[in-house]
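Input: a single structure, listed below in structure tokens.
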Amino acid sequence: MIEWSSATIKDFQTTLLTWYDEHGRDLPWRQDQEPYHIWVSEIMLQQTQVQTVIPYYERFMDWFPTVAALAEAPEERLLKAWEGLGYYSRVRNMQRCARQIMADYDGQWPTTAAALSELVGIGPYTAGAIASIAFNEPVPAVDGNAYRVFSRLLEIDDDIAKPQTRQVFEDVISKIISPTRPGDFNQAIMDLGSSYMTARQPDSEHSPVKRFNQAYLDGKELDYPVKTKKPRPKPVAYVAVLAKMADQWLMTQRPSTGMLANLWTVPLLRLEDLPLEDWTIATPLEIEAAVSAYFKQEYQLELTAASLPVRPVTHTFTHQKWTIQLLQGTLEPGDLAFFAGKTVTDTELATLPQPKVQAKIWDRYHAR
DNA sequence: CTCCAGGTAA
DNA sequence: TTACCTGGAG
């Protein structure tokens, strides 16, 4: 890691902020310094690129214009607003946070990073972003962009996969951040990280901070940031049951904890949970019979099932790779007392919050 | 298809 | 440390 003199730091601040004043992006959440606006945008941007976030942000503000409105929203509305963005626990945490602000702070946001960190769903990054942008507190906002930008500027070799490394970056950035315009400084770093200093195809030749970029000057840009790899996702085999009862789709709501919590899908059964001799070598006919037996046993529902002659749907999460065979079925009229779900018309179907993997299942079904 | 990026909670 | 989701690049 290299060190900058105080003259270099001042030079960098001026160069960065001058560039930001000229070329910073004009985004919906940069119209004012409302902490609510900053917060919503930051939570969305944690996981998604700007172009995708914009329409979600506009609709979110339309549906939930204030912290008070968000605190009172029905959960299904919340999940619908977040449908397709992923990491659904975040929007539930946002509502818990909104309720904390109403109950503990009388609707007024706390104004320091330390206090913001106490709120549900607000970690060190988001606390720094809100405190610096909305309240002008000179604190760093260390996200993936900051890791990438500063590791290259200063050739910081610490492994960003290790939690302790955050402190190294916070210390470094604290010395470099503009004391007068900390919010703009942090946002300029984000813009730099998504334009000239990208992960795979940086364009430092044209970057406004080219001359400060030690890794670029040394031809080692792509060596930064240093990050150890994660293990491969584990394969899991599923069968999706697209079943109708009296012309209505059978849908299930997932449990309130774990993956895709509270979202709606067609019944998804792990092959290894079905009554099969050996699920790794089961034939379509054996799977049909096993699924019917499972429905009878677990839900007390009479299902006639037929495999669909389509490619399985694949969907990869960080830690699991799902391969999903599609199966079509018809249910005898019966009660759903033992089934965690309901039957819906096509119109009602569209109102249920559903994850991307379910969208893929519908796509494959309709393309058959 | 594979690989990878990205914050917080538990 | 591991779970949580989707999208983009190659």
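Each chain gets a letter, A, B and so on, in the order the sequences are listed, and its residues count up from 1.
- Within the 4.0 angstrom heavy-atom criterion, base atoms lie near A/Tyr87.
- As a whole-Å value, the separation of A/Trp322 CH2 from B/dT2 P is 17 Å.
- Position along DNA chain B of the nearest nucleotide to A/Lys321 versus A/Ile43 favours A/Lys321 as the more 5'-ward residue.
- Within 6.0 Å of the CD atom in A/Glu298, the count of heavy atoms belonging to other residues, nucleotides or ligands exceeds 12.
- Nearer to the 5' terminus of DNA chain C, by closest-nucleotide assignment, is the contact made by A/Pro163 (compared with the other of A/Pro163 and A/Thr316).
- Contacts between residues 354-363 of chain A and DNA chain C, counted as heavy-atom distances below 4.0 Å, involve A/Pro355, A/Lys356.
- The aromatic ring centroids of A/Phe12 and A/Phe212 lie less than 6.0 Å from each other.
- Contacts between residues 186-202 of chain A and DNA chain B, defined by a heavy-atom separation under 4.0 Å, are made by A/Arg200.
- Among the atoms of the strands shown, only primed sugar atoms or phosphate atoms (P, OP1, OP2) are found under 4.0 Å from some heavy atom of A/Arg148.
- The residue among A/Arg96 and A/Thr48 whose nearest nucleotide of DNA chain B lies closer to the 5′ end is A/Thr48.
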### Task
Could you walk me through whether A/Trp4 and A/Lys175 pass side chain to side chain contact (heavy atoms under 4.5 Å, CB included), step by step?
CA-CA 10 Å; A/Trp4 282 353; A/Lys175 292 178 189 157; over 6 Å; no

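- Side chain to side chain, A/Gln167 and A/Asp171 meet the donor-acceptor criterion of an N or O pair below 3.5 Å.
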Under 3.5 Å, sequence neighbours excluded: what are the donor-acceptor pairs made by side chains of residues 83-91 of chain A?
residue	atom	partner	partner atom	Å
A/Glu83	OE1	A/Lys80	NZ	3.1
A/Glu83	OE2	A/Lys80	NZ	2.9
A/Glu83	OE2	A/Gln354	N	2.9
A/Tyr88	OH	A/Gly84	N	3.2
A/Arg90	NH1	A/Gln46	OE1	2.5
A/Arg90	NH1	A/Gln47	OE1	3.4

